[in-house]
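First up is the structure itself, then whatever we jot down about it.
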Number of protein chains: 2
Amino acid sequence: MASLTEENYLKALFNLEIEKGKITLSDLANQLQVSLPTANSMVKSLKKQDWVHQEKYKPLALTLSGRDLAASIIRKHRLTEMFLVKMMNFGWEEVHEVAEQIEHVHSPKFFQRMDELLGHPTVDPHGSPIPDQNGKLEVAQYSPLTQTTPGQRVKLQGLANSSSEFLAYLNSKELFLGITVEVLSKELFDQSMVVCYPNHPKEVLSEKVAERLLVQSAPEVS
Amino acid sequence: MASLTEENYLKALFNLEIEKGKITLSDLANQLQVSLPTANSMVKSLKKQDWVHQEKYKPLALTLSGRDLAASIIRKHRLTEMFLVKMMNFGWEEVHEVAEQIEHVHSPKFFQRMDELLGHPTVDPHGSPIPDQNGKLEVAQYSPLTQTTPGQRVKLQGLANSSSEFLAYLNSKELFLGITVEVLSKELFDQSMVVCYPNHPKEVLSEKVAERLLVQSAPEVS
DNA sequence: CAAATTTGTTAGAATACTCTAACTTTGTAA
DNA sequence: TTACAAAGTTAGAGTATTCTAACAAATTTG
Ligand SMILES: [Mn+2]
Ligand SMILES: [Mn+2]
Ligand SMILES: [Mn+2]
Ligand SMILES: [Mn+2]
């Protein structure tokens, strides 16, 4: 059985594989905020348990069972975040830290009940997909708001970054998942965008913000 | 900050103090299923952090801050058990293992929300009192059913033992907390008791069972 | 009360996870 | 294509938690 530490390594490997395609030891060490030798020795132990493939000086890769284990932990993390928001009145900016702990709880029934009480959600409060019981992950193809052009109407579906600072900013601007945003204009100089959405007829979003807002290109028309 | 291991030691010390009055190292080691030297060295480290008093070859005692910490963990454990039963449809025989893990989660808000959603419960699903936010523990004075005499009507308020085997037995006999039990007779030979309670006009309880059922001597009269 | 038993302590070692320092391999770029 | 930089590895060590073996103190008991 994987220790809490090993579970965190597997989760990091899973996320790096999705974000960057191939996994380097440096990225892993950086992600987990440990030294290179620490990551190196832990990877050796993950290899011994057949959760990662590793050859000297080569990039890393999760094995099938490693990926399954990682997906199950990420499933628990995201179900927990959703449960905290929907059932326990947490804000979406408050849930990550708690989920980081609860994801390590061993109790299939506990997470099954969360899943049932939530009606089998497919995304977490930040729009990230929840792996299903078999470890399958629906990778929705959203694009950053920066790639839209004036006149377009799009639906806010996800976030490229879920830091609590960014989430607090979105709260203050009443920018929530699911809302429809219309692009009014784009500033050539700094790529900032003027948009409108419910209760906000004219709001300026910096490039920094816009590139972190993931939208659905073709929103259903009213 | 206390590690998960230290938290479990503090909890054990707290419970031993209540159950036995004074705390011996042997009891502690036995409770936690570790060797005597292991308990000894951990107690030294708890002493260094000023959570226990310890003198060579003398019984142990929690310090004020140690007791507070222990009470807060037991509060989290029992709130969690109540939450699992009332909000997540767990049986009372299934919650202890999960609570054993969740009690170590660091998030005041998480347990505050449990408390609120449950309406500030004062006991856990097995009748054990939940310490309040200040670490105060209401020690209700219940007595075992063995100490009642035929003709008496009492209310089942707690359990002297909450092993899942015992709880499963109680489930099968529909013996739940809060029901009123009338003692019909007591067998002199083996101390077994014949009782009656809702849906069970005549049920025999062994001494083993009866001594684990904690009842309120003076039930409110109808 | 002296022997036997129980309880507590010390010493020494193992495993898990982490670090820094030193070294090697790989990839880049002049 | 050699030199420099980046990435990866090895060696050696520290903390936390646990163990067994050996020993010492305290308690119980005949
Ligand atoms: Mn998260
Ligand atoms: Mn985690
Ligand atoms: Mn319990
Ligand atoms: Mn515990």
Side-chain angles (χ1 to χ4, degrees), chain A residues 1-13 15-17 19-62 66 69-70 73 100-101 103-106, chain B residues 1-13 15-17 19-62 66 69-70 73 100-101 103-106:
Chain A
M1 210 182 57
S3 69
L4 184 150
T5 307
E6 290 170 330
E7 291 190 346
N8 283 336
Y9 275 81
L10 289 170
K11 208 164 48 115
L13 288 163
N15 285 327
L16 285 171
E17 185 162 276
E19 281 168 35
K20 310 212 173 186
K22 81 171 189 192
I23 314 170
T24 67
L25 192 64
S26 294
D27 283 342
L28 181 63
N30 187 60
Q31 182 88 80
L32 291 164
Q33 294 286 287
V34 296
S35 69
L36 237 1
T38 296
N40 188 256
S41 79
M42 183 57 64
V43 163
K44 278 182 183 170
S45 133
L46 295 178
K47 183 188 181 179
K48 200 177 300 169
Q49 288 163 96
D50 204 46
W51 287 324
V52 298
H53 295 297
Q54 186 215 25
E55 286 175 82
K56 265 197 178 182
Y57 299 106
K58 295 276 172 61
L60 309 171
L62 283 166
L69 230 184
I73 298 155
E100 203 61 47
Q101 301 174 65
E103 67 188 2
H104 303 290
V105 167
H106 293 296
Chain B
M1 208 180 56
S3 68
L4 183 149
T5 307
E6 290 169 332
E7 291 190 347
N8 284 336
Y9 274 80
L10 290 170
K11 207 163 49 115
L13 288 163
N15 286 328
L16 286 172
E17 186 160 276
E19 282 168 35
K20 310 214 175 187
K22 81 171 191 194
I23 313 170
T24 68
L25 193 62
S26 295
D27 284 342
L28 181 62
N30 188 59
Q31 181 88 78
L32 291 164
Q33 293 286 287
V34 296
S35 69
L36 238 359
T38 296
N40 190 256
S41 79
M42 183 56 65
V43 163
K44 278 182 181 170
S45 133
L46 295 178
K47 184 188 180 178
K48 201 176 298 170
Q49 287 163 98
D50 205 46
W51 287 324
V52 298
H53 296 297
Q54 185 214 27
E55 285 174 83
K56 265 198 179 182
Y57 299 106
K58 295 277 173 59
L60 310 171
L62 283 166
L69 230 183
I73 298 154
E100 202 62 46
Q101 300 174 63
E103 68 189 1
H104 304 289
V105 167
H106 293 296

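Just so it is clear: chains get the letters A, B, ... in the order the sequence lines come, proteins before strands, and each one is counted from 1.
We find that CG of A:Leu32 is positioned 8 Å from P of C:dT18, with the value rounded to whole Å. In this structure, the CE atom of A:Met1 is 19 Å from the P atom of C:dT15, given to the nearest Å. Atom P of nucleotide C:dC23 and atom CG of A:Leu36 are separated by 17 Å, given to the nearest angstrom. Between the CD atom of B:Gln54 and the C1' atom of C:dT9 there is a distance of 10 Å, rounded to whole Å. Atom CD of A:Glu6 and atom P of C:dA16 are 8 Å apart (whole Å). For the pair B:Ile23 CD1 and C:dG8 P, the interatomic distance rounds to 12 Å; values are reported in whole Å. Between B:Leu60 atom CG and C:dG8 atom C1' there is a gap of 10 Å when expressed in whole angstrom units. Between the CG atom of A:Leu25 and the P atom of C:dT18 there is a distance of 13 Å, rounded to whole Å.
With rounding to the nearest 0.5 Å, the separation of CG in B:Leu13 from CG in B:Leu62 is 5.0 Å.
When side chains are defined from C-beta on, A:Gln31 does not count as touching A:Asp27, because their heavy atoms never get closer than 4.5 Å. Contact check for B:Glu100 versus B:Lys11: side-chain heavy atoms found under the 4.5 Å cut-off. At a threshold of 4.5 Å between non-hydrogen side-chain atoms, the residues A:Asn8 and A:Glu103 count as touching. Side-chain contact check for A:Gln33 versus A:Asn30: some heavy-atom pair is nearer than 4.5 Å.
In 5' to 3' order, the nucleotides of DNA chain D bounding all contacts with chain B (an atom under 4.0 Å from a heavy atom) are D:dT17 to D:dA26.
Distance from the side chain of B:Pro37 is smallest to C:dT9 among C:dT24, C:dT9, C:dT18.
Of the possible polar contacts, one joining the B:Lys47 side chain to the B:Gln54 backbone as a donor-acceptor pair under 3.5 Å is found.
Smallest separation of non-hydrogen atoms from B:Gln101 and A:His104: OE1-O, 4.1 Å.
OP1 or OP2 of C:dT18 lies within a sub-4.0 Å distance of a side-chain N or O belonging to A:Tyr9.
If you check every strand for non-hydrogen atoms under 4.0 Å, B:Ser26 touches sugar and phosphate atoms only. If you check every strand for non-hydrogen atoms under 4.0 Å, B:Lys44 touches sugar and phosphate atoms only. Among the protein residues, B:Thr38 comes within range of the nucleic acid bases, having at least one heavy atom under 4.0 Å from a base atom. Counting any heavy atom pair closer than 4.0 Å across all strands shown, B:Ser35 reaches a base atom. When heavy atoms are screened at a 4.0 angstrom cut-off, B:Ser45 is found touching no nucleic acid atom at all.
Heavy-atom distances to DNA chain C give each of B:Lys56 and A:Gln33 a nearest nucleotide, and the one nearer the 5′ end belongs to B:Lys56.
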